[in-house]
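Naming convention: chains lettered A, B, ... in sequence-line order (proteins, then strands); numbering from 1 in each chain. Computation of the quantities below employed the complete heavy-atom set of this structure, encompassing side-chain atoms and omitting hydrogens, waters and symmetry-equivalent molecules.
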Amino acid sequence: MDGDTKNSTFAEKFFKKFPDRFTECFIAEQNMVGVATGFGARGKVPFASTFACFFTRAYDQIRVAGISKANLKLVGSHVGVSIGEDGPSQMALEDIAMMRAIAGSVVLYPSDAVSTEKLLEQMAQKRGIHFLRTSRPKTPVIYGNDEPFPIGGAKVLRQNAGDKVTVVAAGVTLHEALKAAEALKAEGIGITVIDAYSIKPLGKDVIKAAAQKTGNTVITVEDHYLEGGLGDAVAGELSVDGIKVHKLAVTSLPRSGKPAELLAHFGIDAAAIVKKVKSLD
Amino acid sequence: MIDTDIELLKGIANQLRIHSITSTTAAGSGHPTSCCSAADVMATLFFGHMRYDAKNPHYHNNDRFILSKGHAAPLLYAAWAETGLFPTSELLKLRQFGCDLEGHPTPRLPFVDVATGSLGQGLSVGAGMALAARLDHLDYNTYVLLGDGEIAEGAVWEAASFAGIYKLNNLIAIVDDNRLGQSQATAFGHDLGIYRKRFEAFGWRVEDVDGHDIEEILEVLSGVGLNDQPLCIIAKTYKGAGVSFLQDQDGWHGKPLNQEEAAKAIAELQPCSKSGIGVPIPAPAQLPAPNHAAPASYPPINYKPGDLVATR
């Protein structure tokens with residue numbers, strides 16, 4: 001199902017190939033989620049697609065789908081300040097918080113094309129409410145085509161003995177973390193970098209193990225507000241193990257600009273990560 | 001249409017009213033008057049019109065029913081108990097911890113497809129199911145019972161627009177227009193013409209009926225699927241109908257009757273009530289189940305590290 005965004009979300013590719021399995025719901029997201037829930041109740045595997053921020057208006061329908069233990073897949077694109085010039089009305093900065101709070105939900109945030117495809121396959125195969133967060137900017141493919149992406153896992157992409165801190169990121173900020181790792185390496189500072197593509201359930205054992213090798217300290221970086229996102233997920237789940245979490249996120253109201261400018265201004269780009277790492281003892 | 005006994009259906013409607021009252025009185029909470037207004041529509045649908053296998057609520061070609069006005073849950077539970085699916089004695093456990101007959105319906109129950117109670121959402125889900133029926137080449141109809149207060153919700157009109165656009169003539173919305181909301185009368189009360197114009201504007205065929213006249217209800221139901229539009233039946237009803245001291249009285253929303261009041265109400269209803277147990281229910285057509293098997297495998301992916309691809 002689409003909410004008249006199929007040429008931005010590229011759901012139109014599905015429409016062209018499988019027109020009899022595609023329903024245009026027009027600009028009415030509450031109904032789209034309800035229709036998808038109805039499809040799920042009839043044994044189908046529905047994927048509802050639009051910009052992630054527009055799912056917020058269907059939050060009651062999503063909440064009720066949780067109560068119904070519905071089989072519902074939501075794919076929300078154009079997340080975060082990284083969408084750039086369109087500005088905050090089109091930016092999802094609350095969606096991770098919103099979807100984590102839903103009973104029984106799964107929240108996924110892949111950083112590249114391979115992980116996106118692998119996670120989608122699993123979403124289709126598993127029952128329940130799944131939310132997949134996708135981004136507007138083009139990002140490099142960093143995984144091999146055979147790499148597995150179990151829901152509830154996380155990928156350690158950089159790790160060396162003596163790393164100063166563990167940086168946990170996802171989506172566009174994962175690529176910023178990798179850039180930061182290169183820059184810091186040149187200065188003799190090592191950081192562990194983890195791709196937390198599964199925010200709920202969180203790959204917490206992977207993150208904890210890495211953090212325990214870096215002085216029980218983690219920096220999280222996300223294209224999302226401070227509240228309720230990746231940082232809160234990590235802090236919330238690892239605090240019992242005494243892991244300190246420093247959260248980098250969008251901390252003030254965004255505005256139009258180039259994606260790279262916005263990532264920099266709102267403190268979630270490679271330079272901000274480097275600065276944060278250096279600021280720690 | 002099977003040969004229908006109007007007196008029997010009236011009797012069953014009163015039995016449903018009795019159950020709604022006794023179960024909510026036992027629970028100490030619930031919405032008996034919201035149940036009473038819709039009892040005639042409910043009895044007609046469940047015992048005089050819908051085609052379904054009452055022993056097998058999950059059968060893929062059963063007519064579907066969504067109680068969008070979910071607070072009338074006791075009425076829904078009463079209807080299914082009277083089909084014989086479970087003992088009517090269970091109804092007295094309404095709202096108790098551990099009993100699946102919760103305050104508002106949830107899919108813990110086999111005859112509930114989606115949780116309702118958060119008003120305004122049932123028509124969208126019904127529209128989805130109606131569309132799914134078409135894709136699956138099944139001939140079941142989807143009936144959605146809404147309240148008149150409920151149709152202030154914008155989501156109802158999103159669904160109405162969708163149903164009109166996709167010509168879902170296997171979707172039937174029934175508005176239980178009982179005039180009274182929760183804290184006061186609704187904006188349009190019994191002005192059925194206002195609701196008619198609204199649904200017609202969204203591409204629906206509209207029939208308005210006396211919601212307590214079972215013959216009228218049966219007559220409009222016989223027209224289901226006749227043209228290419230979804231059907232809206234606007235039923236003029238009275239909240240608390242069937243009980244002299246409740247009927248059309250404001251101030252009773254969401255209030256159970258105390259023991260004394262319940263006894264008085266039952267005394268009025270019992271003489272003209274009939275059980276639905278054993279009443280034959282029309283069977284659904286036996287059509288092939290849709291193929292919901294997952295694909296054996298997914299096509300392999302072929303990305304090269306370094307390719308620039310947006311995850312959207």
**Q.** chain B contact via Ser49(A) - side chain, backbone, both or neither, heavy atoms under 4.5 Å
**A.** neither
Q: Take Phe46(B) and Phe65(B) through the ring-ring contact (aromatic ring centres under 6.0 Å, His included) test and state the conclusion after the steps.
A: CA-CA 9 Å; Phe46(B) 275 78; Phe65(B) 177 83; 5.2 Å; yes
**Q.** salt bridge (Lys or Arg N to Asp or Glu O under 4.0 Å) between Lys138(A) and Asp307(B), intermediate numbers included
**A.** CA-CA 9 Å; Lys138(A) 291 189 159 110; Asp307(B) 280 353; over 6 Å; no
**Q.** Residue Asp136(B) versus chain A: region with a heavy atom under 4.5 Å
**A.** side chain
Q) Are any of the side-chain heavy atoms of Ile129(A) and Val106(A) separated by less than 4.5 Å? A) no
Q) Given Tyr52(B) and Asn61(B), is the side chain to side chain donor-acceptor pair (under 3.5 Å) satisfied, shown in steps? A) CA-CA 8 Å; Tyr52(B) 61 107; Asn61(B) 200 34; over 6 Å; no
Q: Using the ring pair (Phe, Tyr, Trp, His ring centres under 6.0 Å) rule, collect all pairs that involve residues 114-148 of chain B, keeping only residues at least two apart or in two chains.
A: His49(B)-Tyr143(B)
Q) Taking side chain as C-beta onward, heavy atoms only, is Asn31(A) less than 4.5 Å from Phe26(A)? A) no
Q | Structural part of Ala294(B) lying under 4.5 Å from a heavy atom of chain A | A | neither
**Q.** Salt-bridge present (Lys118(A), Glu147(A); N to O < 4.0 Å)
**A.** no
Q: Can you measure from CG (Asn141(B)) to CG (Leu168(B)) and round to the nearest 0.5 angstrom?
A: 11.0 Å
Q | SB check Glu182(A) Lys179(A) (cutoff 4.0 Å) | A | no
Q: With a 4.5 angstrom heavy-atom cut-off, could you sort out which part of Leu135(B) is near chain A: side chain, backbone, both or neither?
A: side chain
Q. Does a side-chain heavy-atom distance below 4.5 Å link Ile96(A) with Ile199(A)?
A. yes
Q: Could you look at Asp112(A) and say if it's the side chain, the backbone, both or neither that has a heavy atom under 4.5 Å from chain B?
A: backbone
Q.
Let's test your reading of the structure: which of Leu138(B), Leu123(B), Thr116(B), Val114(B) forms the most heavy-atom pairs below 4.5 Å with chain A?
A. Val114(B)
Q | Heavy-atom proximity to chain B below 4.5 Å, by part of Glu29(A) | A | backbone
**Q.** Sub-6.0 Å ring centroid separation between Tyr143(A) and Phe149(A)
**A.** yes
**Q.** Distance-minimising heavy-atom pair for Ala155(B) and Gln61(A)
**A.** CB-NE2, 3.7 Å
Q | Derivation and outcome, ring-ring contact (aromatic ring centres under 6.0 Å, His included), residues Phe54(A) and Phe51(A) | A | CA-CA 6 Å; Phe54(A) 305 139; Phe51(A) 286 24; 5.4 Å; yes
Q: Residue by residue, scan residues 4-18 of chain A and write down, ordered by number, those that have a heavy-atom distance under 4.5 Å to chain B; if none do, write 'none'.
A: Ser8(A), Thr9(A), Phe10(A)
Q. Is it the side chain or the backbone of Ile165(B) that comes within 4.5 Å of chain A heavy atoms, both, or neither?
A. side chain
Q: Ignoring hydrogens and angles, tell me if any N or O in the side chain of Trp80(B) forms a donor-acceptor pair with the backbone of Phe111(B) under 3.5 Å.
A: no
(Q) Using heavy-atom distances under 4.5 Å, tell me whether Asp60(A) contacts chain B through its side chain, its backbone, both, or neither. (A) both
Q. Under a 4.5 Å heavy-atom cutoff, which of Gln30(A), Arg21(A), Arg42(A) has the most pairs with chain B?
A. Arg42(A)
Q: Determine whether Asp63(B) and Leu45(B) make a side-chain contact, defined as any pair of heavy atoms from C-beta on separated by less than 4.5 Å.
A: no
Q: Indicate yes or no: does Lys197(B) engage Glu200(B) in a salt bridge with an N to O separation below 4.0 Å.
A: no
**Q.** Among Val156(B), Ile66(B), Asn302(B), residue most engaged with chain A (heavy-atom pairs, under 4.5 Å)
**A.** Asn302(B)
Q: Please flag which part of Arg64(B) lies under 4.5 Å from any non-hydrogen atom of chain A: side chain, backbone, both or neither.
A: side chain
(Q) Does any backbone or side-chain atom of Thr134(A) lie under 4.5 Å from a heavy atom of chain B? Answer side chain, backbone, both or neither. (A) both
Q) chain A: which of Leu131(B), Thr106(B), Thr142(B) shares the most heavy-atom pairs with it under 4.5 Å? A) Leu131(B)
Q.
Heavy-atom cut-off 4.5 Å, strictly under: side chain, backbone, both or neither for Pro305(B) against chain A?
A. both
(Q) Within the 4.5 Å heavy-atom criterion, are Met98(A) and Ile62(A) side-chain neighbours or not? (A) yes
Q) In terms of heavy-atom pairs under 4.5 Å with chain B, which of Cys25(A), Gly38(A), Ala58(A) leads? A) Gly38(A)
Q: Among Thr116(A), Thr139(A), Thr37(A), single out the residue with the greatest number of heavy-atom pairs under 4.5 Å to chain B.
A: Thr139(A)
Q: Scan for side chain to side chain donor-acceptor pair (under 3.5 Å) pairs involving residues 158-170 of chain B, sequence neighbours excluded, and state none if there are none.
A: none
Q.
I'd like to know which of Glu24(A), Arg57(A), Met1(A) tops the heavy-atom pair count under 4.5 Å against chain B.
A. Glu24(A)
Q | Contact class of Arg63(A) relative to chain B, heavy atoms under 4.5 angstrom | A | side chain
**Q.** Top of Val64(A), Val45(A), Ile27(A), Leu132(A) for chain B proximity - count of heavy-atom pairs under 4.5 angstrom
**A.** Val64(A)
Q. Counting a contact as any heavy-atom pair under 4.5 Å apart, which residues of residues 68-90 of chain A contact chain B?
A. Ser68(A), Ser77(A), His78(A)
Q.
If you compare all heavy atoms of Thr24(B) against all heavy atoms of His31(B), which two are closest, and at what distance to 0.1 Å?
A. CG2-N, 3.9 Å
(Q) Please classify the contact of Glu117(A) with chain B as side chain, backbone, both or neither, using a heavy-atom distance under 4.5 Å. (A) side chain
Q: Begin from the C-alpha positions of Tyr195(B) and Trp204(B) and carry the test ring-ring contact (aromatic ring centres under 6.0 Å, His included) through to its verdict.
A: CA-CA 11 Å; Tyr195(B) 297 128; Trp204(B) 289 58; over 10 Å; no
